[in-house]
Protein chains: 2
Amino acid sequence: MIKEEIRESISAKGLKVTPQRVAIMEAIITLHNHPTAENVAEYIKTNFPHIAVGTIYKVLDTFVEHNLLKKVKTDSGIMRYDEVISNHHHLYCTETERIEDYEDDTLTDLIHNHFKNKKIKNFKIEDIKLQITGKFETAG
Amino acid sequence: MIKEEIRESISAKGLKVTPQRVAIMEAIITLHNHPTAENVAEYIKTNFPHIAVGTIYKVLDTFVEHNLLKKVKTDSGIMRYDEVISNHHHLYCTETERIEDYEDDTLTDLIHNHFKNKKIKNFKIEDIKLQITGKFETAG
DNA sequence: TCCACAAGCGAGAATCATTCTCCTTTAATA
DNA sequence: TATTAAAGGAGAATGATTCTCGCTTGTGGA
């Protein structure tokens, strides 16, 4: 996504387009592997040496509220941020802190079909995500 | 689970059976809706007014390490603890912080079968959990 | 039953991600 | 360009969790 697209996506939500916001969105897109607020801070500090961590958290939360980003929770309790992509699941590595996206429409459909026939009592499903834990294998 | 069973399950893992550990395990079982460390602390303080929070965290972590409990992460980043039950998924309420267990063997089988035929590249699956988010409906 | 001692506990300080406060700056719009 | 509500900066505050360290206790053997 080019800078102008970022500006537009922020503006489209009725939010002020500030250099900090653009830079933070750029950072998330560039880092793209579910960075933490700290990762974003580090990345951004080159161009914005004076940006406050509070600002980064505020901007990230604003983006999450306006559906420009998603928050992903990790086992250690540190939050990570993720571009909004349609229907994807997550692979969690048990050895490293790595998280990867996993798209599998067949599987998603399978699950959704299952719930077309079988309702959960007293519960209205809004979203279903798989947490697949395991190990990444180094090629070789 | 009766107190003696708790003592045995702790002992079976080669851990010392202390009144605090028994009480903490009892608390988790009695509270049973994925209590936080704080919930456990409150519950226990009646009988153990001097128990230290650090102790509770230590004991909970020890139990998790020895597979007597599971840790569940929440969106707010607070950890919750859960009895070890075979293959269950979680329902997360978007309005309250409530988490409920959801067992559905048909669904679990469906997913496992899917992955029998379709491997994920460079990833060895160890466990698959569904995170189903939505709203609990009040009966009426 | 009693001892020795490693494992466990208590108290409270330390850590660290995240949030809050308050004051200054800035983007948007007329 | 002036107005003003929204946004950012700095750093203190918060709060869950972890750590430290000296004291206590469960356990296994004598």
Query - Between His32(A) and Asp82(A), a side-chain donor and acceptor under 3.5 Å - result: no
Query raised in the report: So, Arg98(A) and Glu100(A), do they make that salt bridge, N to O below 4.0 Å?
Result: yes
Query - Residue met sooner reading DNA chain D from 5', once Tyr81(B) and Thr18(B) are mapped to nucleotides - result: Tyr81(B)
Query - Flag for Asn39(A)-His34(A): side-chain donor and acceptor within less than 3.5 Å - result: no
**Report entry** Distance in angstrom units between Met79(B) CE and dG15(D) P, rounded
**Finding:** 18 Å
Report task. Give a yes/no answer on whether the side chain of His50(A) brings an N or O atom under 4.0 Å of OP1 or OP2 in dG8(D). Result -> no
Query raised in the report: Side chains of Thr106(A) and Asp109(A): donor-acceptor distance under 3.5 Å anywhere?
Result: no
Requested in this report: Would you mind reading off the distance between Glu38(B) atom CD and dT17(D) atom C1', rounded to a whole angstrom?
Outcome: 12 Å
Query - Nucleotides bounding contact with chain B, strand DNA chain C, heavy-atom threshold 4.0 Å - result: dA6(C) to dA11(C)
Query - Protein-nucleotide distance (Arg21(A), atom CZ; dA6(D), atom P), rounded to Å - result: 11 Å
Query raised in the report: Could you state the CD1-C1' distance from Ile78(A) to dT18(D), rounded to the nearest angstrom?
Result: 13 Å
Query raised in the report: Atom CG of Asn47(A) to atom P of dG8(D): distance rounded to whole Å?
Result: 16 Å
Query raised in the report: Would you call Asp61(A) and Lys71(A) a salt bridge, taking side-chain N to carboxylate O under 4.0 Å as the test?
Result: yes
Query - Phosphate OP1/OP2 of dT18(D) contacted by Tyr57(B) side-chain N/O (<4.0 Å) - result: no
Requested in this report: Send over the distance from Lys58(A) NZ to dA7(D) P, rounded to a whole Å.
Outcome: 10 Å
Query raised in the report: Starting at the 5' end of DNA chain C and moving along, which residue's nearest nucleotide shows up first, Val17(A) or Val53(A)?
Result: Val53(A)
**Report entry** Note: Glu126(B)-Lys124(B) ion pair, threshold 4.0 Å (strictly below)
**Finding:** no
Report summary line: Taking for Leu15(B) and for Asp61(B) the nucleotide of DNA chain D with the nearest heavy atom, the one nearer the 5' end belongs to Asp61(B)
Query raised in the report: Can we call the ring centroids of His90(A) and His88(A) under 6.0 Å apart?
Result: yes
Query raised in the report: Looking at Gln20(B), does any N or O in its side chain come under 4.0 Å of the phosphate oxygens OP1/OP2 on dG26(D)?
Result: no
